[in-house]
> 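Structure below; questions to follow.
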Amino acid sequence: MPDESVQPHQSDQATPVPPDASRPPTAPDDGARHDPVQAPAPPHSAHAYLQLLVNGAPAEAFDGPATPERLLALRLRDELADRRRREAELTALIETAHDLAGLRDLDAVLRAIVQRARSLLGTEVAYLTLTDPERGDTYMRVTEGSVSARFQQLRLGMGEGLGGLVAQTARPYVTDDYFRDTRFEHTGPIDDGVREEGLVAILGVPLALGGEVIGVIYAADRRARVFEREQIALLASFAAHAAVAIDTARLIAETRSALAELSATHETIERAGEVHDRLTALVLRGGGVHDVAAALAQVLGGTVEFTEPQEAPGAVERSARDGYAVREGDTWVAAVAAGGELLGALLLRGQPDLDPVDQRTLERAATVTSLLQLARRSAAEAEQRVRGELLDDLLDAPERSPALLRQRAARLGADLDTPHVVLAARSECAEAASGRQRLWSAASHLAATAHGLAAARDGGTVLLLPLAEGQDAGALARRTAAQLGSAVHAPVTVGASATVRAPGGVAAGYAEALRCADALRLLGRRGQGAAAEDFGFLGMLLADSRDVAGFVERTLGPVLEYDRRRGTGLVTTLDAYFDSGMSPVRAKDALHVHVNTVAQRLDRVARLLGDDWQSPERVLEVQLALRLHRLAGAFDG
C-alpha cells in the first residue's frame, strides 16, 4: 500500500486519533440543597443560577441577559454534564474490566467485549475481527447487531478496508462515510459485505498486546455519524482491557489443555487466578500502586517494588518494546506503560526463576499498575486545572464574585481569608514546552499539598500559598525555589510579594512578585528566592507599599533598640562618623569626645549590626536608613 493510503481524507473524514484525548473533569458540586421554604432568588442572580444548577435544569432555563453570572453558570452546567458523562464512562469501563476479569471462556470473553463495545458507544452494530498469523489477514469472529450473513463471514487482508488498515498500522481509524473514504483499499467482497449490512460510519481500534495486533474492535452505525475524540479514546481504553482479557482467556485455555497432562500445574493456575482476582478487587476498592506490589509479593514471593523507569532503563525499555517481563540478573522487570509512554516498572527480586504463569502474572500486575497510574494522573491533572482556573480568576477578575471565589477555594481546601503570599516562579527549563509543563506540574503539586493554588502564567508559574505563623515571605520564597528546583532538576527563581489578602490583593501581589523575580535574575541570583524586604533599600522600589519604617527597623533596629534601652548615642555617633567621611578622628571633634570613645561606640555598633556593617554593600543601606530615620524624626518633631 502506498503511504498516502493512511493519510486523512480531503473531505471531512476524521484522521487517526491517539486514544489520549479527554476533556478535563471539573470541580465537583458543592452539595447545596434546595430549601423549599426559602424565598425565590431574583431572576438572573448568581443564587438563581446556582439553584438551577443544583436542580439540574435544562439549558433553556438559563435564558437571560449575557451577564457574567449566566455565562459562568452555563459553563458550569456544561462542565458538570461533561463530568457526569466521563464518570459514567469510567464506571462502565471499570464494570467492564471487572466483568471481563471474571470470564474464563474465550468465546464468552469475545461476546462480552462486542456487547460492551456496542453499549459503551451506543451504536447499532459492533463487531470484532481476529488476526490470523498463518494466513496473514484478519477475519470476522463475533458480531452484535449484524443482519448480513455475508458480512459476518468477511476476511480482510492487511491494508484492505478500514479494519485491514487498522490491523496493518496498529492505529485507530474512523470514517463517517465508508464508501467515500479513499484512505484504505476498497475490495469487492468487503464493500459488498459492508453494503449489504448497510454500514456508513465505522470506528475501528486495534486490540494490541505489546507490539502485536491480535485483532480489531469496531463500532458502526447505518447512518452518518461523527465519532468524537472522547469516544475514540473510550473505545481505545476498552480495547486495552479487551486485549488483556482475550490474552488471559487464551492463556487459561492453553493452561487447561495442558492440565490434562500436567495436573501438577493446577496449584499454579489457581494462584494466578487468585492474583488476578486480588488485583481486580484492589482496583475496585481504590487501592494504590504499593498495594498492588504488596499483593503480588505475597503470591509470587520475593519483594516487589514500583520504581521510575530510570532505575533499570535498558531492561525497562526492552520490556516495553516486547510487551513481556524480562530478566535482568536476579531481578524480573515488567514495564508499566500506556500509550507508548513509560510510567515506571515493577521490579521482582528474590525469584530469579519464574514459570510462564507467574511471569504472565507479573505482566498482568504491570498492566493494572499502568491503569492506576493513569487514573491517578487524570485525577491530579483535573485538580490542577481547577486550581489554576481559580487562580486565573483571582488574578484577572477578583471583583466578579468574591463570595463565589471563596466557595470555590474552600472546595479545594484553600482558605482565602488567611494571609497569603503570591509567588512568581521562573526557570530556564521553562523555555521549552516540556519544561513549562514540568514546572507547572511541580508547582501544582506543591500548591495542593500546601492548601494553595497554582497556575501557568507569562511563561512561568504563579502560586498563591498561605503564610504560616512566624514565617516571612522571603523564607517562603527560598523554600519554594529549593523545592521546585529539586522537582524539575533545574534552577528555579522565585519572587515573593508581601502578605496579601485574597481575593482583592492577588493581582497587585503578583506584579510585586514578578518584580522581585526579575530583580533576582538581573542580580545574577538565579535559582534563589526573595521578597522585597530581602533587597534592602532596593526592596522599597520593588514593593507596592513603600515601607520606610520597616526598612529602617530592619537595617538599624538593634542600634535603635540599644539607644532606647541604655540612653546611649550610637545613632548620633554613626551620623557624625559618616558626615566626617568615616573618619573617627574628625568624628570625635564633632561629638566633642575622645577618639577612643568613638572607637568603642563603633565596636558596639559592629557587635549589634555584624562585622560586615562597613562593607560596600551595607554602608549604603546604613547611611540611607540613618537619613530616613533623621527625616522621620524631623517630621515627628
> Once you round to the nearest 0.5 Å, how far does CD of E305 lie from OG1 of T331?
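Interatomic distance, E305 CD to T331 OG1, rounded to 0.5 Å: 9.0 Å.
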> Is it true that R364 and D247 make a salt bridge, defined as a side-chain N closer than 4.0 Å to a carboxylate O?
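Looking at R364 and D247, the cut-off is met.
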> Are Y218 and Y173 an aromatic pair by the rule of ring centers under 6.0 Å?
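When the ring centroids of Y218 and Y173 are compared, they turn out to be at least 6.0 Å apart.
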> Looking only at the side chains, is there a donor atom on one of Y139 and T131 sitting less than 3.5 Å from an acceptor on the other?
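No pair is found: no donor N or O on one side chain lies under 3.5 Å from an acceptor on the other.
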> Evaluate the side chain to side chain contact (heavy atoms under 4.5 Å, CB included) criterion for residues L199 and Y127: first the C-alpha distance (whole Å), next the side-chain angles of each, then the deciding distance (0.1 Å), finally the verdict.
CA-CA 12 Å; L199 300 183; Y127 51 100; 4.0 Å; yes
> Please tell me if the side chains of T143 and V125 come closer than 4.5 Å, counting only heavy atoms from C-beta onward.
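Heavy-atom side-chain distance check fails, nothing below 4.5 Å.
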> Within a strict 4.5 Å, meaning less than it, do heavy atoms of the I232 and V174 side chains meet?
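The answer is yes, as the side chains (C-beta and beyond) meet within the 4.5 Å cut-off.
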> Do you know which two heavy atoms are closest between A325 and A334, and how far apart they sit?
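For A325 and A334, the tightest heavy-atom pair comes out as CB-CB, 4.1 Å.
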> Determine, for R141 against D132, whether the closest basic-nitrogen to carboxylate-oxygen distance falls under 4.0 angstrom.
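No salt bridge links R141 with D132.
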> Does any N or O in the side chain of R327 come within less than 3.5 Å of the main-chain N or O of G329, such that one atom is a donor and the other an acceptor?
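Yes: the side chain of R327 pairs with the backbone of G329.
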> Do V147 and R222 come within less than 4.5 Å of each other through their side chains, counting heavy atoms only?
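Sidechains of R222 and V147: in contact.
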> Rounded to the nearest 0.5 Å, how far apart are CG of D330 and CG of L348?
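Nearest 0.5 Å value for the CG-CG distance: 11.0 Å.
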> Looking at P206 and V213, what are the two nearest heavy atoms and their distance?
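What the structure gives for the nearest pair is CB-CG1, 4.3 Å.
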> To the nearest 0.5 angstrom, please state how far the CD atom of E197 sits from the OG atom of S148.
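Going from CD on E197 over to OG on S148, the span is 5.5 Å.
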> Return the minimal non-hydrogen interatomic distance between I202 and A220, and the atom names on each side.
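Minimum heavy-atom separation between I202 and A220: CG1-CB, 4.0 Å.
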> With side chain to side chain contact (heavy atoms under 4.5 Å, CB included) as the criterion, how do F238 and R116 come out once you've worked through the C-alpha distance, each side chain's angles and the decisive distance to 0.1 Å?
CA-CA 9 Å; F238 174 65; R116 283 289 192 168; 3.6 Å; yes
> Rounded to the nearest 0.5 Å, what separates atom CG in L130 from atom CD1 in I246?
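Separation between the atoms: 6.0 Å.
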> Counting N and O atoms only, with roles assigned by atom type, does the side chain of E212 sit under 3.5 Å from a partner on the main chain of L209, one being a donor and the other an acceptor?
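No; judged by distance alone, with no hydrogens or angles, the pair does not exist.
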> Measuring from atom CZ of R155 to atom CE of M140, what distance do you get when rounded to the nearest 0.5 angstrom?
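The CE atom of M140 is 11.0 Å from CZ of R155, to the nearest 0.5 Å.
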> Could you tell me the separation between the CD1 atom of I113 and the CG atom of L128, rounded to the nearest 0.5 Å?
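These two atoms lie 6.0 Å from each other.
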> Run E328 and R318 through salt bridge (Lys or Arg N to Asp or Glu O under 4.0 Å) and show every step you take.
CA-CA 10 Å; E328 182 86 354; R318 208 161 62 246; 3.4 Å; yes
> Any non-hydrogen side-chain atom of V166 less than 4.5 Å from a side-chain atom of R171?
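When only atoms from C-beta onward are counted, R171 and V166 do not touch, as no gap falls below 4.5 Å.
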> Evaluate V200 against R223 for side chain to side chain contact (heavy atoms under 4.5 Å, CB included), listing each step before the verdict.
CA-CA 5 Å; V200 177; R223 53 184 173 77; 5.6 Å; no
> Going by the angle between their ring planes, with limits at 30° and 60°, are H186 and Y178 parallel, tilted or perpendicular?
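Perpendicular.
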> W332 versus V326: any side-chain heavy-atom pair under 4.5 Å?
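W332 does not reach V326 side chain to side chain.
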> Which residues satisfy the side-chain contact (heavy atoms from CB on, under 4.5 Å) test with D192, sequence neighbours excluded?
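Listed in chain order: R150, R195.
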> Between Q152 and S146, do the side chains contain an N or O donor and an N or O acceptor separated by less than 3.5 Å?
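A pair is found: one side chain offers a donor N or O, the other an acceptor, under 3.5 Å apart.
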> Report yes if the side chains of F227 and R225 come closer than 4.5 Å at any heavy-atom pair, otherwise no.
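Yes - at least one pair of side-chain heavy atoms lies under 4.5 Å apart.
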> Does some side-chain heavy atom of V488 sit less than 4.5 Å from a side-chain heavy atom of W440?
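A side-chain contact under 4.5 Å is absent here.
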> Listed by chain and number, what are the side-chain contact (heavy atoms from CB on, under 4.5 Å) partners of A239, not counting sequence neighbours?
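Only V205, L207, I217 meet the side-chain contact (heavy atoms from CB on, under 4.5 Å) criterion with A239.
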> So that I can tick it off, tell me whether E124 and R118 are bridged by a salt bridge, with the cut-off set at under 4.0 angstrom between side-chain N and carboxylate O.
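Between E124 and R118 there is no salt bridge, as every charged N stays at least 4.0 Å from the carboxylate O atoms.
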> Under 3.5 Å, is there a donor-acceptor pair between the side chain of S119 and the main chain of Q115?
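Side chain of S119 to backbone of Q115, a donor-acceptor pair under 3.5 Å: no, none is there.
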> After noting the C-alpha distance and the side-chain angles of L121 and L235, does the key distance pass the side chain to side chain contact (heavy atoms under 4.5 Å, CB included) rule?
CA-CA 8 Å; L121 270 73; L235 188 59; 4.2 Å; yes
> Can you list every pair that meets ring-ring contact (aromatic ring centres under 6.0 Å, His included) and has a residue in residues 187-212, with sequence neighbours left out?
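Output for this query is empty, none listed.
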> Just so I know, are the side chains of F184 and E160 near enough to count as touching, which here means a heavy-atom distance under 4.5 Å?
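SC-SC contact between F184 and E160 ruled out.
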> Quick test of your reading of the model: are E144 and R111 salt-bridged, counting only N-O distances below 4.0 Å?
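No, E144 and R111 are not salt-bridged.
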> Looking only at heavy atoms, which two atoms of I190 and G161 are closest? And how far apart?
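Closest pair (atom of I190, atom of G161, distance): CD1-N, 4.2 Å.
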> Which heavy atom of V333 sits nearest to which heavy atom of A345, and what is that distance?
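It is CG1-CB, 4.2 Å.
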